[in-house]
Amino acid sequence: MVPENEDLSLADRPILSALTFAGSEPVAEARRAARGFLTEVQAVHGIPVSDRAMGLVQLVVSELVTNAHKYAPGPCLLDLEISDGAVEVSVWDTDPTLPVAQSPDPGRVGQHGLEIVIGGSRSFEMRREPVGKRITAAIALADDPGGNPAGRLI
C-alpha cells in the first residue's frame with residue numbers, strides 16, 4: 001500500500017480497465033473495448049501485444065460476455081488488467097451458477113465457448129462471489145520466438 005502523501009510513478013500504476021455492460025449489444029461493445037485497451041497498452045505503455053493475443057483476447061471477451069448476457073439477469077462487468085506479461089480478462093455476472101465444460105464432442109454444434117476459453121488461456125479460474133460469479137482467464141501478450149504462445153506447452 002502506498003502512503004497517501006506519496007504518488008505512484010506511471011510505471012508502478014496498474015494498467016487496467018473496468019466496464020459495465022447492460023445494453024442489448026454488450027458483446028460487440030466488449031470486443032471493441034478489449035481491442036481499444038490492448039491498442040492503448042501498446043501505444044501508451046510500450047508493451048508488445050502479438051496479433052495472436054489481440055485476437056484471442058477479443059475471442060475470450062466475446063465468449064465470456066456472451067454467456068453472461070445470455071444466462072444471467074442484469075448487468076455484467078468486464079475487467080481487463082495487465083499483469084505478469086498477460087492480460088487478465090475477468091467477467092462478473094449476477095448468476096451464481098458456475099458453467100461446466102462439456103466433454104469433447106466434435107459432432108456437437110455450439111457450446112464450445114468454455115473449452116475455447118480454457119484452451120487459449122495461460123490460467124483460468126471460476127468462483128462464486130457474494131452476488132453472482134466471476135470468471136477470469138489470463139492470456140499471454142507475447143509469443144515466444146518459435147511462434148508459440150508464451151507460457152503454453154505444445
Side-chain angles (χ1 to χ4, degrees), residues 1-72 75-93 98-99 101-102 104 106 110-129 132-154:
M1 184 164 187
V2 177
E4 288 183 32
N5 60 350
E6 290 185 34
D7 289 330
L8 286 173
S9 72
L10 186 58
D12 295 331
R13 293 182 187 165
I15 303 169
L16 55 90
S17 175
L19 305 150
T20 303
F21 300 97
S24 61
E25 295 294 328
V27 178
E29 189 178 343
R31 283 179 64 91
R32 279 191 301 275
R35 183 169 190 77
F37 174 74
L38 291 177
T39 299
E40 182 176 325
V41 162
Q42 291 180 92
V44 174
H45 301 281
I47 297 172
V49 177
S50 71
D51 289 342
R52 174 209 46 85
M54 183 69 79
L56 187 54
V57 166
Q58 290 178 86
L59 177 61
V60 166
V61 164
S62 287
E63 293 295 339
L64 296 180
V65 172
T66 294
N67 287 346
H69 182 65
K70 186 174 180 181
Y71 298 112
C76 75
L77 306 175
L78 169 66
D79 295 327
L80 302 166
E81 182 173 1
I82 303 301
S83 176
D84 193 29
V87 60
E88 289 186 2
V89 176
S90 180
V91 174
W92 170 89
D93 67 49
L98 298 177
Q102 297 186 22
Q111 298 186 347
H112 294 279
L114 195 55
E115 296 168 55
I116 292 167
V117 171
I118 292 169
S121 300
R122 180 184 348 188
S123 65
F124 178 82
E125 177 187 23
M126 296 186 290
R127 70 176 184 267
R128 285 187 184 88
E129 296 205 336
K133 69 178 168 294
R134 181 172 298 277
I135 300 176
T136 304
I139 295 102
L141 292 172
D143 297 340
D144 75 12
N148 297 324
R152 301 284 300 182
L153 300 176
I154 295 182

| request: Please determine which of V57, V117, I135 meets the side chain to side chain contact (heavy atoms under 4.5 Å, CB included) test together with V89. | output: V57

List the atom of [X], the atom of [Y], and the distance in Å for their closest heavy-atom pair.
{"X": "C76", "Y": "V65", "result": "SG-CG1, 4.1 Å"}
{"X": "R52", "Y": "A142", "result": "NH2-O, 3.5 Å"}
{"X": "F37", "Y": "V87", "result": "CE2-CG2, 4.0 Å"}
{"X": "A140", "Y": "R122", "result": "CA-NH2, 3.9 Å"}
{"X": "E63", "Y": "G113", "result": "OE1-CA, 3.2 Å"}
{"X": "A18", "Y": "D79", "result": "CB-OD1, 3.2 Å"}

Separation between [atom1] of [X] and [atom2] of [Y], rounded to the nearest 0.5 Å:
{"X": "I118", "Y": "S123", "atom1": "CD1", "atom2": "OG", "result": "11.5 Å"}
{"X": "Y71", "Y": "T66", "atom1": "OH", "atom2": "OG1", "result": "10.0 Å"}
{"X": "D51", "Y": "L56", "atom1": "CG", "atom2": "CG", "result": "12.5 Å"}

Heavy-atom side-chain contact between [X] and [Y] under 4.5 Å:
{"X": "M126", "Y": "P99", "answer": "yes"}
{"X": "I15", "Y": "I47", "answer": "yes"}
{"X": "V91", "Y": "L77", "answer": "no"}

| said: Between L114 and F124, is the side chain to side chain contact (heavy atoms under 4.5 Å, CB included) condition met? List the steps. | reply: CA-CA 10 Å; L114 195 55; F124 178 82; 3.5 Å; yes

| task | Evaluate the side chain to side chain contact (heavy atoms under 4.5 Å, CB included) criterion for residues L38 and L141: first the C-alpha distance (whole Å), next the side-chain angles of each, then the deciding distance (0.1 Å), finally the verdict. | result | CA-CA 9 Å; L38 291 177; L141 292 172; 4.1 Å; yes

| query | Considering residues, nucleotides and ligands other than R134, do more than 12 of their heavy atoms fall under 6.0 Å from its CZ? | reply | yes

| Do R32 and R35 pass the side chain to side chain contact (heavy atoms under 4.5 Å, CB included) test, and can you show the C-alpha distance, the side-chain angles, and the key distance before you say yes or no? | CA-CA 5 Å; R32 279 191 301 275; R35 183 169 190 77; 5.9 Å; no

| request: Using modelled atom types only, decide if a donor and an acceptor are shared between the side chain of R31 and the backbone of Q58 within a distance under 3.5 Å. | output: yes

| query | Run the side chain to side chain contact (heavy atoms under 4.5 Å, CB included) check on H69 and D93 step by step: do they pass? | reply | CA-CA 8 Å; H69 182 65; D93 67 49; over 6 Å; no

